[in-house]
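Inspection log for the structure reproduced underneath, given as structure tokens.
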Protein chains: 2
Amino acid sequence: MAVRDPAMTDVARLAGVSHQTVSRVLNGHPNVREQTRLRVQAAIAELGYRPNRAARALVTGRSQVIGVVAQNTTLYGPASLLAALEQTAAESGFAVSVGSVRDLDHRSISAVVERHLAHRVAGIVVIAPVESAGEALERLPKDVPLVTVDGDPHRPMPLVTVDQAAGARAATQHLLDAGHRTVWHVSGPSDWFDSAGRIEGWRAALTSAGAEIPPLVPADWSAAAGYRCGQMLARMPDVTAVFTANDHLALGVLRALHEHGRRVPDDISVVGFDDVPEAAYFIPPLTTVRPDFGAVARASLEMLLTQIESVSGGALRRTIAPTLVARRSVGPPPRP
Amino acid sequence: MAVRDPAMTDVARLAGVSHQTVSRVLNGHPNVREQTRLRVQAAIAELGYRPNRAARALVTGRSQVIGVVAQNTTLYGPASLLAALEQTAAESGFAVSVGSVRDLDHRSISAVVERHLAHRVAGIVVIAPVESAGEALERLPKDVPLVTVDGDPHRPMPLVTVDQAAGARAATQHLLDAGHRTVWHVSGPSDWFDSAGRIEGWRAALTSAGAEIPPLVPADWSAAAGYRCGQMLARMPDVTAVFTANDHLALGVLRALHEHGRRVPDDISVVGFDDVPEAAYFIPPLTTVRPDFGAVARASLEMLLTQIESVSGGALRRTIAPTLVARRSVGPPPRP
DNA sequence: AAACCGGGTGTGACCGCTAACAGACAGCGA
DNA sequence: TCGCTGTCTGTTAGCGGTCACACCCGGTTT
């Protein structure tokens, strides 16, 4: 029943010009007389004409869509990144199509990438925080613009990443500066590059301060794991400073410490990573490291767009420095 | 330099059939000889052929993409919903294109919807939790399948929504059952339907229990607001039970109570809403109401697909009941 | 005066696919 | 034997844009 949407020829007929002229007006082509342009624009408005992106994508071979591959988009980090990407892309006239994967293995990633390629997306952003994702990407067709975020620093692909090591160094140093003799680290899953970078930064800070390096406390990203690790740490009287790989872990640690009667920051200091909006309302307010997701999104898109627009590549790597946010969960170590 | 992607005709030539037969194989059309089908599939595999969705979208007039309009996708609720939608859509062979808006006013929403329409999306899901969103939707072209989520219950549009009132009733009743004489409520922003529904449920539960209705404590969705409200509530000795409109508010309230030396649940009981993953690790673990985002996503998509596939509409309204998750933040009122 | 230029516009082909129709060929009842 | 079915396949015409090109025309240049 619905009448066919107006097409370019309809606009052209109404304006008394050819469809090509309409196209020129639409694309801001210079050689159109002002008067003609106005006539065409009036016709467009009158008909409520809306250019068909599918047709455009067909003839140009590329749509104005950017495909994103992500996992676990309910976590604060990925969700923020996704939102920032969408925002930034929209400003450049691109739409964003998300493809979530349950696991970051070769099969899942390829499947989603295939889906994006079938839509002839202009470019793809892969949030690839684990090893297995990297492998999947190497086998991909090489003619589609691609940027990885939080991916493998040792792989020769365009990469934008938060400087995890720098953030971790800052966190650890902050604790050392407060007077602690050493700092324990509750880390994220071992196969994530984020984890690896944070561990590396933590070790580096301790090493360069000549501090003893305590054993790593491995966990995942959840508050539940933080709670378990916290229960252990709470029983160790010589632990006075803990740096957790993210804020959720810190939350779990805080609760465990609280239940064991160890006060924060009087007995133990805690620093997190991510600066989730709630971190300021933990008990006590959490000192943490804030990555700039907006900057990551902007850098990714910029890299993608240079790839899309030209053959010559710009920078292949961009690192975004995070900042430390000091709150009340850090204090000097207890006097013995 | 990149060689043109193989098209249907290339596959056809290699398989020694017409492009139309290739199309038939791709679309699972019945009348194709088994042997031919195999030949075509072999050719597809050999060339690495990938059907061009843009071309398909052009000729059919609809792409296999669903447009989503959302605001503030970094919040836990919207992010979960988005992820669930993506997941569900993928299972039906649809991609999801997100369009975030900063504000849910007429202009912003229309702009994003226009963008989706230009792409000829098959349908649109609008997460429209505030009044101003509803107005924008009424002026939209009526021939595009549309579903609103968490929208205005009084507007005659296809709507899927969490049963906010039921959740709030359950939370309030749970506190009353624990022996509290009445329950205070820290509410979300007044222009959100979610807030309104939760307030309504809270009032209803108190009314039907014959309990006194304390003044509403208005806030927004943030932990910061929860903290401010909590500081006030902590100073009122007769407050023994608080129901907050979401878990972040609860977090803020918990901290304020803690700082004022009021123990939870011994002195005051608290119930939240959303069941964010961290709620189990608040101090103390938070009793809360869990909406089923997966169910919301499934219902939305189902409604959208029936609209897409046929003219006759199915149900115009679906309400998803949330469940109460009991944890340690609720106990009996203190003995006077 | 002929040749040249460049701004403004129209013409036709084509992008890769689907829909509608047409044809070939086998089986089968009349 | 002649239709008449039904299965399988090919042919053709678009969908709504962009691109390459041709055209017209007034103003310079040679």
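Order of the sequence lines fixes the chain letters, A, B, ..., with proteins taken first and strands second; residue numbering starts at 1 for each chain.
- Comment: Glu86(A) engages Arg115(B) in a salt bridge, judged by a side-chain N to carboxylate O separation of less than 4.0 angstrom.
- Of the charged side-chain nitrogens involved, none lies within less than 4.0 Å of a carboxylate oxygen, so that Arg39(A) and Glu34(A) do not count as a salt-bridged pair.
- Applying the side chain to side chain contact (heavy atoms under 4.5 Å, CB included) test to Leu82(B) and every residue at least two apart in sequence or in another chain returns Val68(B), Thr73(B), Val98(B).
- Nearest heavy atom pair, residue Ala122(B) against residue Phe94(B), reads CB-CE2, 3.7 Å.
- Nucleotide dT18(C) holds its C1' atom 13 Å from the CD atom of Gln64(B), rounded to whole Å.
- Closest approach of Ala54(A) and Leu58(B) over heavy atoms only: CB-N, 4.1 Å.
- Within the 4.5 Å cutoff, the side chain of Ile66(A) has no heavy atoms near those of the Ile124(A) side chain.
- Asp292(A) places a side-chain N or O within 3.5 Å of a backbone atom of Gly294(A) that can act as its donor or acceptor partner.
- Regarding contacts with the backbone of dT18(D), a side-chain N or O of Ser23(A) is found under 4.0 angstrom from either OP1 or OP2.
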Sub-3.5 Å pairs of nitrogen or oxygen atoms, protein against nucleotides 9-11 of chain D:
unit_1  : atom_1 : unit_2   : atom_2 : d
dT9(D)  : OP1    : Arg33(B) : NE     : 3.4
dT9(D)  : OP1    : Arg33(B) : NH2    : 3.3
dT9(D)  : OP1    : Thr36(B) : OG1    : 2.4
dT9(D)  : OP2    : Arg33(B) : N      : 2.9
dG10(D) : OP2    : Ser18(B) : N      : 2.8
dG10(D) : OP2    : Ser18(B) : OG     : 3.1
dG10(D) : OP2    : Thr21(B) : OG1    : 2.8
dG10(D) : N7     : Arg24(B) : NH2    : 2.8
dG10(D) : O6     : Arg24(B) : NH1    : 3.4

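- Taking 4.0 Å as the cut-off between side-chain N and carboxylate O, Glu91(B) and Arg298(B) do not count as a salt-bridged pair.
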Polar atoms only, N or O, under 3.5 Å: list the protein pairs with nucleotides 14-16 of chain D and their distances.
unit_1  : atom_1 : unit_2  : atom_2 : d
dG16(D) : OP1    : Arg4(A) : NE     : 3.4
dG16(D) : OP2    : Arg4(A) : NE     : 3.4

